[in-house]
Protein chains: 2
Amino acid sequence: MAVTKENLFKDKQKQTARLLKALGHPARVAIVELLAERQSCVCGDITKELPLAQSTISQHLKALKNAGIIKGEVDGPRVCYCLNKETVGELDERICELLDLLQNTTPENKSC
Amino acid sequence: MAVTKENLFKDKQKQTARLLKALGHPARVAIVELLAERQSCVCGDITKELPLAQSTISQHLKALKNAGIIKGEVDGPRVCYCLNKETVGELDERICELLDLLQNTTPENKSC
DNA sequence: TATATTAATCGTAAAATTACGATAAGAAAT
DNA sequence: ATTTCTTATCGTAATTTTACGATTAATATA
């Protein structure tokens, strides 16, 4: 982020941005899609599905975990990831609120 | 992005990520909220509303413009920005598709 | 016990992001 | 014609992001 002024914004704006940023990379979109599609929580299969190195995937997983969007559970030698329903729900709320605002075009509120 | 492998992902994933990334900063969330709230398209009033330097705001506006989320129209000495309804609609579609996928938890698809 | 498997972390490099002040470029007003 | 206002761009610095290979740590398996 570099020389961030993040704290000067509203908590909601910060949290919205945080969640959107976490999904702001095609690899991370692909990961959450994978986690949603697979019945199991999948783990390092992600590495085989995506065209990225194992360490890179691990980094992306960390980013998603830091944002709270996924959680990982150790299962023997491997780690099982799954979506965090709570945070996904929060994302839903935040994004719906935002889209409501962006799309509630009152009669006077015309386009440029 | 650095050494990007973006092109190895699906177009939809790329576009979703692109739009989410554009809104992945509190200042840019604040900007689109401002544009939605104000009846007018506002221009450099944004600079007065947000705790950032004029050049920084200009940069954020550029990011939003590059993603297609806003458009700017020159109006005399100032520039009038407004939301781009088409792209906001596309964002709506993409995010709803994604959230549908993330939240459609079938009976077998339990949490970890 | 030795060896494989799995995933996180470390070190590194290249590029992008965030932020600012200073400057430039445009139009408007004096 | 000059000055003022507004916004974009340039240059710069600090930090973060993306990506990789190599290594480590932990668990299984032979």
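Because the structure is predicted, anything quoted here is derived from the model rather than measured. Numbered from 1 within each chain, the chains take letters A, B, ... in sequence-line order. Worth knowing before you read on, the calculation uses all heavy atoms, side chains too, and leaves out hydrogens, waters and symmetry mates.
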Any side-chain N or O of [X] below 4.0 angstrom from OP1/OP2 of [N]?
| X | N | value |
| --- | --- | --- |
| Lys21(A) | dT17(C) | no |
| His25(A) | dT17(C) | no |
| His60(A) | dA19(D) | yes |
| Arg78(A) | dA28(D) | no |
| Tyr81(A) | dA8(C) | yes |
| Lys62(A) | dA7(C) | no |
| Ser58(B) | dT7(D) | no |

Could you give the [atom1]-to-[atom2] distance, from [X] to [N], as a whole number of Å?
| X | N | atom1 | atom2 | value |
| --- | --- | --- | --- | --- |
| Gln54(A) | dT9(C) | CD | C1' | 10 Å |
| Glu73(B) | dG26(C) | CD | P | 19 Å |
| Ile57(A) | dT17(D) | CD1 | C1' | 15 Å |
| Ile70(A) | dA8(C) | CD1 | P | 9 Å |
| Leu20(B) | dT17(D) | CG | P | 16 Å |
| Leu23(A) | dT18(D) | CG | P | 12 Å |
| Phe9(A) | dT18(C) | CZ | C1' | 11 Å |
| Asp75(A) | dA26(D) | CG | C1' | 13 Å |

**Polar pair under 3.5 Å, donor/acceptor by atom type, side chain Gln59(B), base dA19(C)** = yes
**Request:** Check the pair Leu20(B), Leu20(A) against side chain to side chain contact (heavy atoms under 4.5 Å, CB included), reporting the backbone distance first and the verdict last.
**Result:** CA-CA 5 Å; Leu20(B) 297 186; Leu20(A) 296 186; 3.8 Å; yes
**Message:** Check Arg28(A) with Glu33(A), please: is the shortest side-chain N to carboxylate O separation under 4.0 Å?
**Reply:** no
**Request:** Using a strict 4.0 Å threshold on nitrogen-to-oxygen distance, state whether Asp11(A) and Lys14(A) make a salt bridge.
**Result:** yes
**Prompt:** More than 12 foreign heavy atoms under 6.0 Å from CD of Glu86(A): is that the case here?
**Reply:** no
**CA sep, side-chain torsions, deciding dist, call: His60(B), Leu52(B), side chain to side chain contact (heavy atoms under 4.5 Å, CB included)** = CA-CA 10 Å; His60(B) 284 303; Leu52(B) 293 171; 4.1 Å; yes
**Message:** With nearest nucleotide decided by heavy atoms, which residue, Pro77(A) or Ser55(A), maps closer to the 5′ end of DNA chain C?
**Reply:** Pro77(A)
**Item:** Upstream residue (5' side of DNA chain D) when Ala27(A) and Gly76(A) are each assigned their closest nucleotide
**Value:** Ala27(A)
